[in-house]
Amino acid sequence: MQQLTPPTRVLMGPGPSPVPASVLNALSKPTVGHLDPYFLQVMDEVREMLRQAFNTKNRLTFPMSGTGSAGMETCFVNLVEPGARVLVGVNGVFGTRMVEVAKRCGAEVTPCEQTWGRALSKEQLLKAADGKPFDILAVVHAETSTGVLQDLAPMREAANELGALLLVDAVTSLGGSHIDLDEHGVDAVYSGTQKCLSCPPGLAPISFSKNAEERLAARKQPVQSWYLDLSLIASYWGQARAYHHTAPINMMYGLHEALRLTLDEGLEDRVARHQRHSGALRAGLEAMGLTLVVPEDERLPQLTSVSIPEGVDDAKVRAQLLRDFGLEIGGGLGPLKGKTWRIGLMGAGATRNHVVTCLSSLYATLTAQGFSPKDEPLSAVADAYERSRPK
Ligand SMILES: *Cc1c(COP(=O)(O)O)cnc(C)c1O
């Protein structure tokens, strides 16, 4: 058997995003025991950095072992008992997944359906609730399947009217969009490492508010998943340091470095960087005559959905981008399958180099496949960068 030699790709899909060398290096440091004093120190630092990244003082804040979806399961299995009433905002794949997960926990789920590619309003949620109380309102902050950024303030207002805890999917927003758990009154949140934190996939940061902790403590039945039971895992992260499962030691090193880089850059500067580069990407796409799926004021900087022009073959274009340029972009999902491309500018991938590489590769590929772009994209990109130059 040969040693592995994975190709170096330009990752501009919906995740994973490019991983900085220092994060890859951190992963290769010596493995220590999961109760080694050195590792306990690493855990404490990761937790403190996560609190800063989430803007929260929540006690229950740490990464779960597993990917973003394990974070989703963690929030639902801990907060939902059979018969609980859960209202879910559904405007893409991840809202749909939350409905599925909540149902499997035995919840009575009411989906609030919104067109894919649009954000949800408080009025829509209250209409779907139909005057009834709910235990949980669950929404996706950054819907990676469509490229919509959900404003959380009206979601908190809706949760207040319903008497519900607010549960938020922040898998793609953490490290890319402003998120402030304490300001927005988010009760339970989960995220992932491979989107705007630019770490490989494998951990799922979560955080629970005091109210969510109380809900957990008041359960009548034990959490149905032993592995994801926060009351057990909290005692490994707390004073007791009680063994529950072996923490993925080296992944924790990687997350430590990814969070260190994120906070070193500064959360606000990092958000501004995502906005600046996505503005330039969009200028280039529009110069080529392509149309963006999401209305301007609901767009997610770290992921842009663009409509595939009539007569252009989705799979052929993406295959050629990968073959000729080593470039990965995402295809559409669900009702948008075959109709959109999803271009990610996440974490370390939100750079001018990535924007220019993507647009020139797409321009060449579309031309090669018989579609004539309206204009070449790079002068519009240069203009956009000139206009957005930091003062
Ligand atoms: C990627 C993603 C998930 C799922 O995370 P996995 O790491 O793939 O399990 C959930 N929600 C959103 C918004 C995502 O982008």
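We count ligands from 1, going down the list as the structure has it; atoms in each ligand are counted the same way. Residue indices begin at 1 and follow the sequence shown.
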[X] neighbourhood, listing ligand 1 atoms whose heavy-atom distance to it stays under 4.0 Å:
X      : result
Thr144 : 12 (C), 13 (C), 14 (C), 15 (O)
Ser69  : 4 (C), 5 (O), 6 (P), 9 (O)
Gln194 : 6 (P), 7 (O), 8 (O)
Asp169 : 10 (C), 11 (N), 12 (C), 13 (C)
Gly68  : 5 (O), 6 (P), 7 (O), 9 (O)
Ala142 : 13 (C)

When distances are taken from atom 10 (C) of ligand 1, the protein heavy atom at minimum range is Phe94 CD2, 3.2 Å

The protein heavy atom nearest to atom 1 (C) of ligand 1 is Lys195 NZ, 1.5 Å

| request: Assess Gly192 for proximity to ligand 1: is some non-hydrogen atom of it under 4.0 Å away? | output: no

Return yes when Arg97 approaches ligand 1 closer than 4.0 angstrom through a heavy atom, no otherwise.
yes

CA sep, side-chain torsions, deciding dist, call: Thr351, Asn353, side-chain hydrogen bond (donor to acceptor under 3.5 Å, both in side chains)
CA-CA 5 Å; Thr351 66; Asn353 251 343; 5.5 Å; no

Got a second to check how far [X]'s [atom1] is from [Y]'s [atom2], nearest 0.5 Å?
X      : Y      : atom1 : atom2 : answer
His141 : Leu149 : NE2   : CG    : 4.5 Å
Leu125 : Leu162 : CG    : CG    : 7.5 Å
Leu333 : Thr146 : CG    : OG1   : 9.5 Å

Note: Pro201, heavy atoms under 4.0 Å from ligand 1, region reported as neither

Logged contact type for Glu143 with ligand 1, heavy-atom cut-off 4.0 Å, is neither

Quick check: Tyr385 with His277 (ring centres under 6.0 Å apart)? yes

Item to check | Check: Arg156/Asn160 side-chain N/O donor and acceptor closer than 3.5 Å | outcome: yes

query: Could you go step by step and tell me if Ser69 and Arg97 meet the side-chain hydrogen bond (donor to acceptor under 3.5 Å, both in side chains) rule?
result: CA-CA 9 Å; Ser69 305; Arg97 188 175 296 178; 2.8 Å; yes

Anything under 30° is parallel, anything over 60° is perpendicular, the rest tilted; go ahead and classify Tyr227 against His244.
tilted

